[in-house]
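These notes are about the structure you will find just below.
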Amino acid sequence: MFKLIYYIPIILLLSMSSFAEEQSSFGFCELSDSTCPYFSDEEKNSPYFADIFDKIMGQTMTAALFEEPTVITAIPFKLYPGSTTDVQIISLNTNLNTSSSVSIDGVDTNVKEVLSDTELVVNVNIPEEAETDIFSNVEIDTTLLDGQSEIANGDAFLVIENTGEPEIIGITPTTVSKGSNNVELSIYGINTNFTDTSTFEFYDAEVTVINTKIHTPNFMTAFINISKNASHGPHDITITTETEIAHNSAAGLFRITDNPPILPGIIQLTKTNHEISEGIGTYSFIAERINGNDGEVSVSYIIDSTEGDIYETGILTWLDGESSTKEFDIEIADNSEYESDKTLSVKLDKITNGATLGVDTAIATIINDDPQIQTTPPTQKIVNTNNTKVPTIDDVTEIGTIQFSVKNQNSIEENKEQIVLIVERLDGSDGQVIVKYNLIEDSAEFEKDFIAVGGTLTWEDGDDKDKEITISILDDETVEENETFTIKLTNVAGNASLGLSETKIAILNDDVDDIVVEPPVDISKPTAPIEGDAVNPPATEKTPPIEEEKSPTNDDGLSSKDVIPKITEENAEISAKSIPIISYAPACPDDSSEINITCIFNRNKMISDILITENASVSSGILTGTMENHGWVSNLTIQKDGILIGGFVTGYIENEGIMANFDFRGASIIGGTLGGIITNNSLIIGVFEDVYLEANTHITGGKLTGYIIGDPNQKALLEHLVITGNGILKNVIIGEEVDIADTIMIDESVEFIQR
């Protein structure tokens, strides 16, 4: 900060000779270690000089006495209507940073660079109709580290009448040190006609122009070298273009200093707000070094929660000359329980070696990715049949929630004989709780595919242990598609709440070693999808009747006509959109990276990177790599590292990886991540259950259930579909014709398109 003693002799000198005025002005600049205007005799004799000088000195004194943020002046300080130039704004008592914005009444502005906490460069465009002989007030609005706003005001430059003479009105940067090479100067003129043949005079033989680039007749870039023997102090400049001679409008517009300034730079965070998915694993924050890289600089960081728990601390170090970004990580713990979003704070502190802190604080929100338990109050009177005390809401405060465990498997192979499901009591164990369960047929049938069971589960007071339901699966040798049934929890007694009360179980057929799905008969082949584009659906024009042919039988006595529906004129259009029909096919080659036939993988076959061509159709297997699908894929298990892109997908898909840009014709996709443009054309209303949606995903058609969670910054769009069951919607946009069941919990992040 300036010392008051600096200004007393300056004020006294204002009444002295022009030489004294010039020396006091120059002395002020030297004492303050700041960039200040330099006045020529011609300027001091102009009618504007007294007003300009009084403004500069008056505002400087005000800033020193009251220690208020104040704009002092600008270089250049004289501008003309219709001119465009870079202006260096000089202020006192300010903390300028990259958030600083500049506004000038009636002038278009754009901050180009923050030089220090008291200086910045702004590009200004003075309109042709601007009033002359009027000072322009400059206001700088800066957001400080504590979130407060700092406002600095001051009259920085004077708009004067255009003389019509060619002049140099601005140079950026205004100050360059000796020994600098290939310095890029932005030079602004008025009434000029700069060309590639323009010549320069800096009135110093040690300043050499090595190249130029003309942008407009009034704006050019000059690249200069300044030797170590160049003269210290302000320099005039003249640019000659044929017979046109343009001098600088203010004396000493360009300054050469003895030593380059030491600029250790500003260290700051690149982002102030972060939204982090709970399941991301590791998340990185980024810090940057800007506006200088002199010397080694270190800064400490701390990541803690709003409750005061320390998550991570460390130190970031930039070496001398280094200005790259630095990352520091935090491990995000994932769990399967619904909980409120957590908030973390990120703080930079303890900066070293003269560097300054810019944006040093950020907020990170860890977004819960687990479904909330949907609670339902009792709808009927509790019947006490065993004379035990049934607790009521009034005298029991932590009864708990009964639900199927999210860890339950949702499929079972037909030959495994039985499946065991876990029912858990969460968030309380006060009082006795009883719940009924029963099984419901879907495509799987009682006594044919599974044993119908029903009963009750009981938790005594204080008991919160898991209970088991065992269901027997009936095996047969019939070639058939996978089948499903549903098990439900009902009639909870004891005032407990029901959470996940319904689950669907798929019985996976084990008699398909010789079968595979194929595309529908006589329809257009699927067009290979382009990443990010929708899959072109097959043609839906009616297909001429196909005569039924006699087919050989297999070992089960089934002929192909038993499993391949006859396509007639009435059902041809439906067949073109339905699940691909089943026929007998050979095993897929084990070591091929490209499949161009109809074949089937062994159910436990691990599939790495592979291409499915347009004429191919494959089924089964476990995908561990990337599958580029231009044909048909069915009944696939996708592991965490697996990626399926494009084509037609049918059957039952168990997904822990990523699926993108496909046309779905099957029964279900359970789990994992979906992305791109997805159309669900399944005639059995195929369902997507418990899925995450990548940024800008677009799903059209079908049914969604369970938790459906999109990207918080680029939300998925859902259209022309049904959302049902018990689940949660989060970070999605609801478009046209979407039917949402009352049992779905809709997060406040969900947006509805109004039409």
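Computed over heavy atoms, backbone and side chain alike; hydrogens, waters and symmetry mates excluded.
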Look at the rings of Tyr283 and His274 and say which category their plane angle falls in: under 30° parallel, 30 to 60° tilted, over 60° perpendicular.
perpendicular
May I ask you to test the Ile753-Ile733 pair for a side-chain heavy-atom distance under 4.5 Å?
yes
Asp329-Ser284 side chain donor-acceptor pair, cut-off 3.5 Å
yes
Partner residues of Asp155 under the salt bridge (Lys or Arg N to Asp or Glu O under 4.0 Å) criterion, sequence neighbours left out
Lys55
Between Lys326 (side chain) and Thr317 (backbone), is there a donor-acceptor pair under 3.5 Å?
yes
Tell me, do Asn182 and Ile210 make a side-chain contact under 4.5 Å, heavy atoms counted?
yes
Side-chain contact, heavy-atom cut-off 4.5 Å: Val209 with Thr212?
yes
Between the side chains of Asn731 and Ser749, does any donor sit under 3.5 Å from an acceptor?
yes
For Ile315 against Ser298, the heavy-atom pair lying closest together
CG2-CB, 4.1 Å
Write down the atom of Ala156, the atom of Val138, and the distance for their closest heavy-atom approach.
CB-CG2, 3.4 Å
Student check: side-chain heavy atoms of Thr132 and Pro81 closer than 4.5 Å
yes
Test side-chain hydrogen bond (donor to acceptor under 3.5 Å, both in side chains) on Asn293 and Glu322; report intermediate values, then the result.
CA-CA 6 Å; Asn293 57 12; Glu322 184 182 7; over 6 Å; no
Assess, by modelled atom type and distance only, whether the side chains of Thr257 and His232 contain a donor and an acceptor separated by less than 3.5 Å.
no
Step by step, work out the side-chain hydrogen bond (donor to acceptor under 3.5 Å, both in side chains) result for Glu165 and Thr163.
CA-CA 5 Å; Glu165 296 295 324; Thr163 63; 5.8 Å; no
What I want to check is whether the side chains of Thr365 and Glu275 have a donor and an acceptor closer together than 3.5 Å.
no
CG (Asp360) and CG (Asp349) are apart, to the nearest 0.5 Å, by 7.5 Å
Look only at the side chain of Gln268 and the backbone of Gly358, and say whether a donor-acceptor pair between them is shorter than 3.5 Å.
no
Ring centroid separation Phe254 to Phe202 under 6.0 Å:
yes
Could you tell me whether the side chain of Asn110 and the main chain of Asn123 form a donor-acceptor pair under 3.5 Å?
no
Apply side-chain contact (heavy atoms from CB on, under 4.5 Å) to residues Thr673 and Glu694 and explain how you reach the verdict.
CA-CA 7 Å; Thr673 300; Glu694 287 190 331; 3.4 Å; yes
Might you work through the ring-ring contact (aromatic ring centres under 6.0 Å, His included) test for His235 and Tyr203, ending with a clear yes or no?
CA-CA 7 Å; His235 284 58; Tyr203 304 98; 8.9 Å; no
How far does CG of Asn93 sit from OG1 of Thr70, to the nearest 0.5 angstrom?
6.0 Å
Contact between Asp711 and Leu693 at the side-chain level, heavy atoms closer than 4.5 Å - yes or no?
no
Minimal heavy-atom distance between Ile245 and Thr238, with the atoms involved, is CG2-CG2, 3.5 Å
Closest non-hydrogen atom pair between Asn181 and Asn225, with its separation:
CA-OD1, 3.3 Å
For the residue pair Asp117 and Asn95, confirm or rule out a side-chain donor-acceptor distance under 3.5 Å.
no
Can you tell if the side chain of Thr192 reaches within under 4.5 Å of the side chain of Glu244, non-hydrogen atoms only?
yes
Go through the steps to decide whether Glu150 and Thr94 satisfy the test side-chain contact (heavy atoms from CB on, under 4.5 Å), and finish with yes or no.
CA-CA 8 Å; Glu150 173 190 274; Thr94 53; 3.5 Å; yes
Could you give the distance from CG (Asp204) to CD1 (Ile237), rounded to the nearest 0.5 Å?
12.0 Å
Around atom CG of Asn713, are there more than 12 heavy atoms from other residues, nucleotides or ligands closer than 6.0 Å?
yes
Rounding to 0.5 Å, atoms OG1 (Thr174) and CD1 (Ile256) come to a distance of 12.0 Å
Would the distance check show the side chain of Arg289 and the main-chain N or O of Val297 forming a donor-acceptor pair, the cut-off being under 3.5 Å?
no
Between Lys112 and Asp86, is the side-chain contact (heavy atoms from CB on, under 4.5 Å) condition met? List the steps.
CA-CA 8 Å; Lys112 294 185 64 175; Asp86 284 354; 2.8 Å; yes
Under 4.5 Å between any side-chain heavy atoms of Phe328 and Leu316, yes or no?
yes
Looking only at heavy atoms, the pair that brings Ser100 and Leu96 closest together is OG-CA, 3.5 Å
Should Ile160 and Tyr80 be marked as a side-chain contact (heavy atoms from CB on, under 4.5 Å) after you check the CA-CA gap, both sets of side-chain angles, and the distance that decides it?
CA-CA 5 Å; Ile160 65 174; Tyr80 301 94; 3.3 Å; yes
Point-to-point distance, once rounded to the nearest 0.5 Å, from CD1 of Ile151 to CD of Glu139:
5.0 Å
Audit row: Asn248, Glu167, side-chain hydrogen bond (donor to acceptor under 3.5 Å, both in side chains) steps and yes/no:
CA-CA 6 Å; Asn248 39 270; Glu167 290 185 288; over 6 Å; no
Atom OG1 in Thr241, atom CG in Asp196: separation rounded to 0.5 Å?
10.5 Å
So Thr197 and Thr195, side-chain hydrogen bond (donor to acceptor under 3.5 Å, both in side chains) or not? Walk me through it.
CA-CA 5 Å; Thr197 62; Thr195 70; 2.8 Å; yes
Using modelled atom types and a 3.5 Å cut-off, is there a donor and acceptor pairing between side-chain atoms of Asp294 and backbone atoms of Pro264?
no
Within the 4.5 Å heavy-atom criterion, are Met220 and Ser198 side-chain neighbours or not?
yes
Looking only at side chains, do Asn97 and Ser99 share a donor and an acceptor under 3.5 Å apart?
yes
Looking only at heavy atoms, what is the nearest atom pair of Val346 and Leu269, with distance?
O-CD1, 4.1 Å
Could you work out, with salt bridge (Lys or Arg N to Asp or Glu O under 4.0 Å) as the rule, every residue matching Glu751, not counting sequence neighbours?
Lys715
Taking atom NZ of Lys271 as the centre, report whether more than 12 heavy atoms of other residues, nucleotides or ligands fall under 6.0 Å from it.
yes
